[in-house]
2 protein chains.
Amino acid sequence: MSLKHAILVLLETEPGSGYDLLKRFREHMGYFWNASHQQIYQQLKWMHEAGWLEASTEPQQGKPDRKVYELTPQGHEALLAWLAETSKPEKINDSLLVRLYGGHLRDTENIRAEMAHHRTLYEQNRAALLSIEQHYLALPKAEQQRYRFPYLTLRRGILSVEAWLDWADEVDAFLNHP
Amino acid sequence: MSLKHAILVLLETEPGSGYDLLKRFREHMGYFWNASHQQIYQQLKWMHEAGWLEASTEPQQGKPDRKVYELTPQGHEALLAWLAETSKPEKINDSLLVRLYGGHLRDTENIRAEMAHHRTLYEQNRAALLSIEQHYLALPKAEQQRYRFPYLTLRRGILSVEAWLDWADEVDAFLNHP
DNA sequence: AGCCTCATGTAACGTGTTACATGATTGT
DNA sequence: ACAATCATGTAACACGTTACATGAGGCT
């Protein structure tokens with residue numbers, strides 16, 4: 001619900017530019033957070049104006065300047081306050097399920113194709129997550145300890161994708177024996 | 001991503017008022033779609049103006065008038081066109097995971113309490129879904145056939161909640177043996 | 001007396017998407 | 001030649017949330 005705070009969590013660990021954040025979201029949080037670059041720049045601008053972030057411009061050769069942001073004490077406080085809040089469960093709005101709910105209005109082949117397409121994406125996703133997990137499990141104990149919280153979120157990604165694929169098997173079985 | 005089309009799916013089966021739709025979302029689609037009454041009224045207004053819906057006012061005694069909507073041929077067409085579109089996987093933005101990712105900035109007790117709170121909600125949810133499933137499985141074959149697509153979405157809800165609870169067990173084990 | 005359900009809506013704000021805009025460097 | 005990556009942003013629009021507003025009837 002709050003991209004602002006997701007950005008704060010990332011910047012707390014290490015300062016970075018909008019572009020850096022985009023990559024960090026994709027690399028480390030892809031299975032539970034998604035944001036476009038436009039939105040990241042908008043939120044950075046807002047937080048900068050609100051005094052949560054400090055910006056410094058790093059000139060580069062042959063590339064546009066990098067605008068590196070880091071937390072101010074106010075930004076740190078805003079993050080801690082948010083982390084202490086009581087959270088609500090996520091709102092789920094899954095259009096694939098709406099589309100399936102209305103399956104009687106569709107051609108079965110169309111549904112099968114849609115499921116197959118999504119399955120491919122989920123399978124690729126699962127492979128990527130499992131390989132990240134192998135990488136984590138190969139780390140020495142001390143390193144594992146450092147990344148224990150991100151690892152828990154990775155496990156969520158894995159269990160989540162596997163549950164989707166199990167469900168997809170059920171759907172396929174259903175479509176094939178109506 | 002499209003409340004408009006979720007509403008169209010519901011109204012295609014049976015005409016209804018904004019208030020009816022709110023209840024239908026809660027009763028039949030709660031595990032994959034959520035909308036507030038304000039938003040439903042806004043979208044109904046938009047779709048009425050766009051010619052997707054026709055409205056008729058039913059006066060009632062001692063209660064405000066009901067404004068019942070049903071699909072126009074254009075609305076039907078819009079729905080079929082949407083169902084035929086290629087869909088993208090849902091965007092996931094799960095703030096609980098952002099909060100856990102930043103767990104090193106938090107008190108462990110605080111995390112445990114948050115997890116326990118969410119667990120209670122998910123367990124209640126699971127119980128509700130399993131009871132709906134029992135009800136479905138007790139129906140005669142012909143009725144089961146009629147509700148086969150909604151049943152598939154129900155299965156998604158069940159597998160999804162169970163996967164969350166499995167993950168919560170892992171998190172608890174982790175927090176207790178750090 | 002106070003809360004829940006029925007039943008509708010507006011206004012302001014916050015969040016997210018799509019399209020547009022620029023421009024150098026590196027790889028195929 | 002063409003696409004990708006690096007790096008930044010604005011503008012318009014779509015979608016969603018919170019707060020406000022009204023008013024009857026039933027339950028505890």
Side-chain angles (χ1 to χ4, degrees), chain A residues 1-8 15-27 29 32-50 52-53 55-69 78 82 85 87-95 98, chain B residues 1-8 15-27 33-50 52-53 55-69 78 82 85 87-95 98:
Chain A
M1 285 306 194
S2 190
L3 174 57
K4 289 188 185 78
H5 302 100
I7 291 174
L8 288 179
S17 68
Y19 196 82
D20 290 338
L21 287 165
L22 182 65
K23 281 188 296 176
R24 288 197 219 165
F25 274 118
R26 287 215 253 258
E27 281 164 30
M29 295 182 159
F32 68 92
W33 201 274
N34 288 285
S36 63
H37 83 272
Q38 293 92 332
Q39 213 191 328
I40 290 170
Y41 286 120
Q42 279 174 116
Q43 297 298 311
L44 285 171
K45 192 183 170 189
W46 187 95
M47 291 194 282
H48 186 232
E49 280 165 11
W52 292 8
L53 301 178
S56 57
T57 306
E58 287 183 5
Q60 295 192 126
Q61 288 177 323
K63 290 178 189 174
D65 293 353
R66 268 163 50 85
K67 212 166 164 182
V68 177
Y69 292 93
W82 180 72
E85 270 175 30
S87 67
K88 288 180 289 184
E90 282 314 296
K91 219 186 107 158
I92 302 160
N93 287 48
D94 189 337
S95 61
V98 175
Chain B
M1 283 311 192
S2 190
L3 175 56
K4 290 187 186 77
H5 302 100
I7 291 173
L8 288 179
S17 67
Y19 197 83
D20 290 339
L21 288 165
L22 181 65
K23 282 188 295 177
R24 287 195 220 166
F25 274 119
R26 286 215 253 260
E27 282 164 32
W33 201 275
N34 287 286
S36 63
H37 82 272
Q38 294 92 331
Q39 212 190 327
I40 291 170
Y41 287 119
Q42 280 173 111
Q43 296 299 313
L44 285 171
K45 193 183 169 188
W46 187 96
M47 289 194 285
H48 186 231
E49 280 165 10
W52 291 11
L53 301 179
S56 57
T57 306
E58 287 183 6
Q60 295 193 123
Q61 288 177 324
K63 289 180 190 176
D65 293 354
R66 270 162 49 85
K67 211 164 164 182
V68 176
Y69 292 93
W82 179 73
E85 270 175 31
S87 66
K88 287 181 288 186
E90 283 314 297
K91 216 185 109 156
I92 302 161
N93 287 48
D94 189 338
S95 61
V98 176

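In what follows, chains carry the letters A, B, and so on, assigned in the order in which the sequence lines appear, proteins first and then strands, with residues in each chain numbered from 1.
- Between B/K45 and C/dT8 there is no side-chain N or O to OP1 or OP2 distance below 4.0 Å.
- Of all nucleotides listed (D/dT8, C/dA7, C/dG16), C/dA7 comes nearest to the side chain of B/Y19.
- Comparing C/dC20, C/dG9, C/dT8 against the side chain of A/Q38 picks out C/dC20 as the nearest.
- One atom, CD1 of A/I40, and another, P of C/dG14, lie 20 Å apart when rounded to the nearest Å.
- In this structure, A/K4 places its NZ atom 12 Å from C1' of C/dG16, rounding to the nearest Å.
- Regarding contacts with the backbone of D/dC15, every side-chain N or O of B/K91 stays at 4.0 angstrom or more from both OP1 and OP2.
- The nearest heavy atom of DNA chain C to B/Q42 and to B/K23 marks one nucleotide each, and the one closer to the 5' end goes with B/K23.
- A/L22 is not listed as a side-chain neighbour of A/Y41, based on a closest heavy-atom distance of 4.5 Å or more.
- Nearest-nucleotide positions on DNA chain D place A/Y69 closer to the 5' end than the other of A/Y69 and B/N34.
- Taking only side-chain nitrogens and oxygens, A/Y41 never comes nearer than 4.0 Å to OP1 or OP2 of D/dG9.
- Between A/Q39 and C/dT17, a side-chain N or O to OP1/OP2 separation shorter than 4.0 Å is present.
- D/dA19 atom P lies 13 Å from atom NE2 of B/H37, rounded to whole Å.
- The side chain of B/K67 lies closest to C/dT8, out of C/dT15, D/dA7, C/dT8.
- Residue A/N93 has its side chain nearest to D/dG16 when only C/dA19, D/dG16, C/dT15 are considered.
- The aromatic rings of A/W46 and A/W52 stand perpendicular to each other, their planes meeting at an angle above 60°, with 30° marking the opposite boundary.
- The shortest distance between the side-chain N/O atoms of B/S36 and the OP1/OP2 oxygens of D/dT18 is not below 4.0 Å.
- Counting only distance, with no hydrogens or angles, the side chain of A/N93 and the backbone of B/N34 share a donor-acceptor pair below 3.5 Å.
- Computed from coordinates, the A/E90 CD to C/dG16 P distance equals 11 Å when rounded to whole Å.
- Rounded to an integer number of Å, the gap from CD of B/Q43 to P of D/dG16 is 7 Å.
- Among the nucleotides D/dT8, C/dG16, C/dT8, the one closest to the side chain of A/L3 is C/dG16.
- For A/R24 and D/dA7, the CZ to P distance is 13 Å, given to the nearest whole Å.
- Between B/L3 and B/W33, the closest side-chain pair of non-hydrogen atoms falls below 4.5 Å.
- When rounded to the nearest whole Å, the span between NE2 of A/H48 and P of D/dG9 equals 10 Å.
- Partner of B/S95 under the side-chain hydrogen bond (donor to acceptor under 3.5 Å, both in side chains) criterion, chosen from A/E85, A/E90, A/K88: A/E90.
- Atom CG in A/L21 sits about 13 Å away from atom P in D/dA7, given to the nearest Å.
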